[in-house]
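Working notes for the structure below.
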Amino acid sequence: MKPKLSPLNAFAKKRKYYFWYTNPETLDAASIVEGVLNYADFDDVRELIHILGIKKVARIFREQTTNRTRLNYDRKIINFYSAFFNKYA
């Protein structure tokens, strides 16, 4: 019998097209946030925020985009979500 997935991993499993490179059932929160913010439409972003909370999503995003030499986010994504989280989180 398979162990029950967390709500976050169940969310990722339903959207495995964002995580084509790995098994979405085994991803941590930071990887799921990165994949969703990079590739998802805003409805999926809203659902992610509903699951994790806006403050946690913002914290993960800021940790991933602050003081790093290598980023996995497009500059437009960083600009949009920086402004979004500064206003709403």
Side-chain angles (χ1 to χ4, degrees):
M1 190 167 155
K2 288 186 178 181
K4 187 173 178 173
L5 292 176
S6 71
L8 183 61
N9 288 97
F11 167 84
K13 184 178 178 182
K14 285 187 216 171
R15 291 155 184 85
K16 55 183 146 187
Y17 39 87
Y18 299 141
F19 312 102
W20 65 90
Y21 49 87
T22 190
N23 180 357
E25 296 177 29
T26 62
L27 293 173
D28 63 353
S31 299
I32 294 171
V33 167
E34 181 181 306
V36 171
L37 294 183
N38 265 320
Y39 303 114
D41 61 15
F42 204 70
D43 289 335
D44 285 342
V45 173
R46 286 176 37 195
E47 190 168 343
L48 175 70
I49 289 170
H50 177 77
I51 294 168
L52 287 179
I54 194 164
K55 291 193 182 301
K56 185 168 184 174
V57 174
R59 181 182 52 76
I60 291 169
F61 173 77
R62 288 178 181 131
E63 287 172 358
Q64 292 175 331
T65 58
T66 305
N67 299 324
R68 295 214 176 174
T69 55
R70 181 180 178 273
L71 299 175
N72 291 329
Y73 290 97
D74 184 85
R75 286 181 292 141
K76 292 175 187 174
I77 297 293
I78 293 171
N79 186 51
F80 177 80
Y81 284 110
S82 292
F84 177 82
F85 292 131
N86 286 339
K87 183 169 184 176
Y88 296 109

(request) First locate atom CG of Leu48, then atom OH of Tyr18, and finally report the distance between them rounded to the nearest 0.5 Å. (result) 10.5 Å

(message) Quick test of your reading: applying ring pair (Phe, Tyr, Trp, His ring centres under 6.0 Å), list the pairs with at least one residue in residues 61-82, sequence neighbours left out, ordered by first then second residue.
(response) Phe61-Tyr73, Phe61-Phe85, Tyr81-Phe85

(message) According to salt bridge (Lys or Arg N to Asp or Glu O under 4.0 Å), does anything in residues 66-88 pair up with another residue at least two apart or in another chain? List the pairs.
(response) none

(request) Check whether any side-chain heavy atom of Phe84 lies under 4.5 Å from a side-chain heavy atom of Val57, and answer yes or no. (result) no

(request) Using side-chain hydrogen bond (donor to acceptor under 3.5 Å, both in side chains) as the criterion, list what pairs up with Asn67, not counting sequence neighbours. (result) none

(message) Can you tell me how far apart CD1 (Ile51) and CD1 (Ile32) are? Round to the nearest 0.5 Å.
(response) 8.5 Å

(request) Can you see which heavy atom on Thr22 is nearest to which on Thr26, and at what distance? (result) OG1-OG1, 4.5 Å

Please report, to 0.1 Å, the donor-acceptor pairs under 3.5 Å made by any side chain of residues 34-43, with sequence neighbours excluded.
{"from": "Glu34", "atom 1": "OE2", "to": "Asn72", "atom 2": "ND2", "distance (Å)": "3.2"}
{"from": "Asn38", "atom 1": "ND2", "to": "Glu34", "atom 2": "O", "distance (Å)": "3.3"}
{"from": "Asn38", "atom 1": "ND2", "to": "Asn72", "atom 2": "O", "distance (Å)": "2.9"}
{"from": "Asp41", "atom 1": "OD1", "to": "Asp43", "atom 2": "N", "distance (Å)": "3.4"}
{"from": "Asp41", "atom 1": "OD1", "to": "Asp44", "atom 2": "N", "distance (Å)": "3.0"}

(message) Going by the rule side-chain hydrogen bond (donor to acceptor under 3.5 Å, both in side chains), which residues pair with Ser6 if we only count those two or more places apart in sequence or in a different chain?
(response) Asn9

(message) Thr65: which residues meet the side-chain hydrogen bond (donor to acceptor under 3.5 Å, both in side chains) condition with it, sequence neighbours left out?
(response) none

(request) Not counting sequence neighbours, which residues clear ring-ring contact (aromatic ring centres under 6.0 Å, His included) with Tyr21? List them please. (result) none

(message) If the condition is ring-ring contact (aromatic ring centres under 6.0 Å, His included), which residues does Tyr17 pass it with, not counting sequence neighbours?
(response) none

(request) For residues 47-62, pull every pair meeting side chain to side chain donor-acceptor pair (under 3.5 Å), keeping only residues two or more places apart or in separate chains. (result) Arg15-Glu47, Arg59-Glu63, Arg62-Asn86

(message) Under a 3.5 Å cutoff, is there a donor and acceptor pairing between the side chains of Asp28 and Ser31?
(response) yes

(request) Quick one: list whatever passes side-chain contact (heavy atoms from CB on, under 4.5 Å) with Ala10, sequence neighbours left out. (result) Leu5

